[in-house]
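Input: a single structure, listed below in structure tokens.
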Amino acid sequence: MEDAKCALVRTDNLVTLREGIIGIVHILLSCFVMLTSVICMLNLFNSIRSRVNGKTREFAIMESVGMTKKQMEKMLRYESVGIVIKSILYAALIAFPLMYVIQFGVTSIFGPITMELPWIQMIAAVLITILVLVVLTEYYYKKEKYENILERIRNESV
């Protein structure tokens with residue numbers, strides 16, 4: 001009778017251990033997605049800032065040939081869409097294989113464990129990235145727009 005109780009307790013402990021491992025792996029995958037998102041945000045921040053700052057002369061030339069502010073904003077939005085698509089593709093190319101390697105490693109160490117990918121966190125990361133990209137593009141363009149472009153070019157030339 002005691003052997004049956006010990007076997008039952010051992011099975012319960014294994015189930016609890018397996019659930020604990022699955023929980024830890026889910027936390028690690030979620031943290032990985034968040035870390036990747038933060039790195040992408042910093043890259044987006046630098047890309048947008050340097051893109052807008054580097055286009056000072058281009059903005060001045062476009063403005064001198066008659067391009068309106070709305071047309072420039074539209075151009076920047078299209079460029080931002082390109083950045084979003086590239087960043088999603090790069091993140092997917094890096095994140096999915098790494099998540100597969102993590103799952104394969106955990107499965108080979110602890111046995112067959114089924115894990116779900118953190119889809120909600122990944123979708124949230126994409127949406128936050130798009131929001132940050134739009135906000136940063138608008139911020140830097142408006143900051144650039146309020147400066148006198150011709151004066152800034154003259155100061156850079158000197």
Side-chain angles (χ1 to χ4, degrees), residues 11 13-147 149 152-153 156:
T11 328
N13 287 340
L14 287 175
V15 169
T16 307
L17 177 66
R18 183 169 284 185
E19 290 172 359
I21 291 170
I22 290 172
I24 289 170
V25 170
H26 278 284
I27 291 170
L28 288 173
L29 289 175
S30 299
C31 290
F32 177 74
V33 168
M34 287 182 204
L35 181 64
T36 305
S37 299
V38 168
I39 291 169
C40 287
M41 296 296 168
L42 292 173
N43 286 335
L44 285 174
F45 174 77
N46 286 332
S47 296
I48 293 168
R49 189 181 67 196
S50 63
R51 183 183 69 180
V52 173
N53 286 340
K55 289 190 172 194
T56 304
R57 292 175 193 255
E58 189 177 322
F59 289 151
I61 292 169
M62 286 186 220
E63 195 173 301
S64 68
V65 295
M67 190 173 201
T68 64
K69 299 286 185 186
K70 288 190 179 199
Q71 289 172 329
M72 282 192 238
E73 288 175 8
K74 188 176 180 181
M75 177 191 70
L76 284 173
R77 284 191 191 108
Y78 283 136
E79 289 177 357
S80 297
V81 168
I83 290 174
V84 166
I85 291 170
K86 281 181 187 177
S87 63
I88 290 171
L89 288 175
Y90 289 147
L93 288 174
I94 293 170
F96 283 119
L98 284 175
M99 284 190 271
Y100 176 75
V101 166
I102 290 170
Q103 183 177 1
F104 179 75
V106 168
T107 303
S108 65
I109 293 171
F110 298 108
I113 297 176
T114 57
M115 294 182 293
E116 295 180 18
L117 291 176
W119 291 107
I120 294 172
Q121 290 91 346
M122 289 189 291
I123 292 169
V126 168
L127 292 176
I128 291 170
T129 302
I130 292 169
L131 177 69
V132 167
L133 181 71
V134 168
V135 168
L136 285 176
T137 300
E138 293 291 324
Y139 171 75
Y140 280 114
Y141 179 69
K142 287 184 193 247
K143 183 179 172 185
E144 185 76 23
K145 185 168 69 172
Y146 288 118
E147 292 179 9
I149 294 175
R152 186 167 174 198
I153 291 172
E156 286 177 3

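Everything numeric in this text was worked out from a predicted model, so none of it was measured.
- When side chains are defined from C-beta on, Cys31 counts as touching Ile27, because their heavy atoms get closer than 4.5 Å.
- Evaluation of the side-chain hydrogen bond (donor to acceptor under 3.5 Å, both in side chains) rule for Ser50 yields no partner, not counting sequence neighbours.
- Annotation for Ile120: atom CD1 does not count as buried by contact number, only 12 or fewer foreign heavy atoms lying within 6.0 Å.
- The CD1 atom of Ile128 lies 12.0 Å from the CD1 atom of Ile123; values are rounded to the nearest 0.5 Å.
- Residues that satisfy the side chain to side chain contact (heavy atoms under 4.5 Å, CB included) test with Thr68, not counting sequence neighbours, are Lys70, Gln71.
- Rounded to the nearest 0.5 angstrom, Ile21 CD1 and Leu28 CG are separated by 11.5 Å.
- Of all heavy-atom pairs between Pro97 and Ala92, the closest is CD-O, 3.6 Å.
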